[in-house]
Undergrad: 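Structure in structure tokens, see below.
Whatever order the structure lists ligands and atoms in, that order sets their numbers, starting from 1.
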Amino acid sequence: MLVYLNGEFVSREQAAVPVEDRGFLFGDGVYEVIRAVNGRFFTAHEHLARMEEGLAAIGMRLPGGMTRQGVLEIAERLLRENSLTEGHATIYLQVTRGAAPRTHFFPSPPVEPTLYLTAAPFTVPEEVVARGVSAITAPDVRWSRCNLKTLNLLANVLAKQSAVEQGATEAIFVRDGVITEGASTNVFVVVDGKIRTFPVCNYILSGVTRGVVIELAAELGIPLIERPVRVEEISRAEEIFLTGTTTDVLAVVEVDGLQVGTGRPGAISTALGGALAERMGQVPASAAR
Ligand code: PDD
């Protein structure tokens, strides 16, 4: 597998960052995951805009005059040279504040940021999507700048591990009695025929897929409001679903061991999942293999 690191395309085995890289020492950086279908990126500019906002928010920039277009060209080359231009793939993109002797404050003078991109094949787990998944709830112990897609994912990692240990797929974070988002997804809940999801603010990531799904719901005439859902409302939810770049629309059919709705993916998540696949220009699974 060929990866990109600081201006060079090298094999993954050869790619190495200095031990003083601030991504390694502090989680000091941001990342993105972008989906590609048949060599075409889906919502790439939304991801790159979010990355730029994240970089600006933490006083960082892309290295050496690199532009959004430059990043896309690297990503395209990674798809091409790793034979990922047919079917589904993902691009992982990470920028750190660079390598410098360890100080909590920013390196002074500044050092060149580290830019790393890698591509990977992706398979839509059709059987899982058809069945739906289970989730657990977990206290949202994260910091209060969850709108930034930073490398600091320890709270997410621990919550996801808890889910896995309990045989579940996702951990749904609960802060002050309301659902915020999943460990790596946004969460939507259907109550009284209306979709509800936590509003965009500093307590969630403004998911790119979330944005597309909100648009699709409007197009399909499905009522949706950005209003928090209290954890006790889960018991009367008709449907719950997750969205994300590597999740698409995924129904949650059980939360903390209790069945959601009929225990099968509902009509709304199924319709939105279909509409998202269409928007993505998704190839049928058989053709993607
Ligand atoms: N995660 N919320 C969190 C905390 C996330 O980490 C993600 C994405 C999302 C969904 O955002 P989007 O639709 O833009 O992918 C919501 C990525 C895929 C990851 O960490 O691998």
Undergrad: May I ask you to say whether R142 pairs ionically with E181, meaning some side-chain N is under 4.0 Å from a carboxylate O?
TA: yes
Undergrad: Filter on side-chain hydrogen bond (donor to acceptor under 3.5 Å, both in side chains), then keep only pairs touching residues 252-265, sequence neighbours left out; what's left?
TA: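 For residues 252-265: T137-D256.
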Undergrad: List every atom of ligand 1 that sits less than 4.0 Å from any heavy atom of V33, numbering the atoms from 1 in the order shown and giving each element.
TA: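 Listed by number with element, the hits are 19 (C), 21 (O).
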Undergrad: Using a side-chain heavy atom cutoff under 4.5 Å and only I, L, V, M, F, W and Y, what cluster partners does I136 have?
TA: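 The other cluster members (ILVMFWY side chains, heavy atoms under 4.5 Å, direct or chained): none.
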Undergrad: I need the contact type for T185 against ligand 1. Using non-hydrogen atoms and a strict under-4.0 Å cut-off, is it side chain, backbone, both or neither?
TA: backbone
Undergrad: Taking atom CZ of F26 as the centre, does the number of heavy atoms from other residues, nucleotides or ligands within less than 6.0 Å exceed 12?
TA: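 Yes, because the 6.0 Å sphere around CZ of F26 holds more than 12 heavy atoms from other groups.
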Undergrad: Quick check on contacts: which atoms of ligand 1 are under 4.0 angstrom from a heavy atom of G207?
TA: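 Answer, ordered by atom number: 11 (O), 12 (P), 13 (O), 14 (O).
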Undergrad: Is there a polar contact, in the sense of an N or O pair closer than 3.5 Å, between H47 and ligand 1?
TA: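 Checking ligand 1 against H47, no N or O pair falls under 3.5 Å apart.
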Undergrad: Ring centres of Y116 and Y4 under 6.0 Å apart?
TA: no
Undergrad: Please indicate whether any nitrogen or oxygen in T246 is less than 3.5 Å from any nitrogen or oxygen in ligand 1.
TA: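 No; the residue has no nitrogen or oxygen that sits under 3.5 Å from a nitrogen or oxygen of the ligand.
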Undergrad: Looking only at distances, please establish whether an N/O atom of ligand 1 is found under 3.5 Å from an N/O atom of Y31.
TA: yes
Undergrad: Which pair of non-hydrogen atoms, one from I58 and one from F106, has the smallest distance, and what is that distance?
TA: O-CZ, 3.6 Å
Undergrad: Could you tell me whether R142 and ligand 1 have an N or O pair separated by under 3.5 Å?
TA: no
Undergrad: To the nearest 0.5 Å, tell me how far E219 CD sits from E215 CD.
TA: 6.5 Å
Undergrad: Please work out whether any backbone atom (N, CA, C, O) or any side-chain heavy atom from C-beta onward of N186 is under 4.0 Å from ligand 1, and answer side chain, backbone, both or neither.
TA: both
Undergrad: Of all the non-hydrogen atoms in the protein, which one sits nearest to atom 17 (C) of ligand 1, and at what distance?
TA: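 Protein heavy atom with the smallest distance to atom 17 (C) of ligand 1: K149 NZ, 3.3 Å.
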Undergrad: Are more than 12 heavy atoms, taken from residues, nucleotides or ligands other than N202, located less than 6.0 Å from that residue's CG atom?
TA: yes
Undergrad: Which residue holds the protein heavy atom closest to atom 14 (O) of ligand 1, what is that atom called, and what is the gap in Å?
TA: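 For atom 14 (O) of ligand 1, the nearest protein heavy atom is V208 N, 2.8 Å.
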Undergrad: Using a 3.5 Å cut-off on N or O atoms only, is T245 in polar contact with ligand 1?
TA: yes
Undergrad: Could an N or O of ligand 1 be found under 3.5 Å from any N or O of T209, whether backbone or side chain?
TA: yes
Undergrad: Has R50 got any heavy atom lying under 4.0 angstrom from an atom of ligand 1?
TA: yes
Undergrad: Looking only at heavy atoms, is any part of A183 under 4.0 Å from ligand 1, and if so is it the side chain, the backbone, or both, or is it neither?
TA: backbone
Undergrad: Does F41 have R35 sitting over its ring (NZ/CZ under 6.0 Å from centre, angle to axis within 45°)?
TA: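 Checked: cation-pi criterion not met.
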Undergrad: Is the shortest distance from a heavy atom of G182 to ligand 1 less than 4.0 Å?
TA: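 Heavy atoms of G182 do come under 4.0 Å of ligand 1.
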Undergrad: Looking at CD of E73 and CE of M66, how far apart are the two atoms once the value is rounded to the nearest 0.5 Å?
TA: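 Interatomic distance, E73 CD to M66 CE, rounded to 0.5 Å: 9.0 Å.
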Undergrad: Any atoms of ligand 1 less than 4.0 Å from a non-hydrogen atom of E181? List them with their elements.
TA: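 Near E181, meaning under 4.0 Å from one of its heavy atoms, ligand 1 has 2 (N), 3 (C), 4 (C), 16 (C).
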Undergrad: Quick one: do the T180 and D140 side chains pair a donor with an acceptor below 3.5 Å?
TA: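 The criterion, which ignores hydrogens and geometry beyond distance, is satisfied for D140 and T180.
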Undergrad: With respect to G244, determine whether any N or O atom, backbone or side chain, lies less than 3.5 Å from an N or O atom of ligand 1.
TA: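 No - when backbone and side-chain N and O of G244 are compared with those of ligand 1, no distance drops under 3.5 Å.
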Undergrad: Of the choices A159, S184, A155, S206, which has the non-hydrogen atom that lies closest to atom 7 (C) of ligand 1?
TA: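 Of the listed residues, S184 has the closest heavy atom.
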